[in-house]
Amino acid sequence: MFAVIYFFMIAPQMRKAKKVRKFLTDLKTGDRVVMKSGMHGRVNHINQKEGTCIIETTAGKLKFNKSMISMDASNELNK
């Protein structure tokens, strides 16, 4: 029973979390991203020490935590 729960619930969540971590570490200046709130912008600066980035939008430059960037929406935007 534990094996079934592991393969259908735990393992997929671990794979997705690993993909998200890789996506966030591979971010670079100039990448177009979508925030989890739906805001679109371009990465202007990344501060690895604080885990933040500055996103340039039409409204100006805003500072966000890197964890607020949506991997799925950003990948869809960049296709």
Do [X] and [Y] make a side-chain contact, defined as non-hydrogen atoms from C-beta onward lying under 4.5 Å apart?
{"X": "Gln13", "Y": "Lys16", "value": "no"}
{"X": "Met35", "Y": "Ile69", "value": "yes"}
{"X": "Leu62", "Y": "Ile54", "value": "no"}
{"X": "Lys63", "Y": "Asn47", "value": "no"}
{"X": "Lys61", "Y": "Asn44", "value": "yes"}

Report summary line: Heavy atoms of Thr29 and Ile46 approach each other most closely as N-CD1, 4.3 Å
Requested in this report: Could you tell me which non-hydrogen atom of Arg32 sits nearest to which non-hydrogen atom of Ser74, and how far apart they are?
Outcome: O-CB, 4.4 Å
Interatomic spacing from [atom1] in [X] to [atom2] in [Y] - rounded to 0.5 Å:
{"X": "His40", "Y": "Ser70", "atom1": "NE2", "atom2": "OG", "value": "9.5 Å"}
{"X": "Met39", "Y": "Ile55", "atom1": "CE", "atom2": "CD1", "value": "9.5 Å"}
{"X": "Lys22", "Y": "Leu27", "atom1": "NZ", "atom2": "CG", "value": "11.0 Å"}
{"X": "Phe23", "Y": "Thr25", "atom1": "CZ", "atom2": "OG1", "value": "10.0 Å"}

Query raised in the report: Are any side-chain N or O atoms of Asn75 and backbone N or O atoms of Asp72, one a donor and one an acceptor, separated by less than 3.5 Å?
Result: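 The answer is no, because no donor-acceptor pair under 3.5 Å joins these two groups.
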Report task. Without swapping roles, check the side chain of Lys36 against the backbone of Ser67 for a donor-acceptor pair under 3.5 Å. Result ->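 Answer holds: yes.
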Query raised in the report: Transitive ILVMFWY cluster of Val34 at side-chain heavy atoms under 4.5 Å: who else is in it?
Result: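 Members besides Val34, by chain and number: Leu77.
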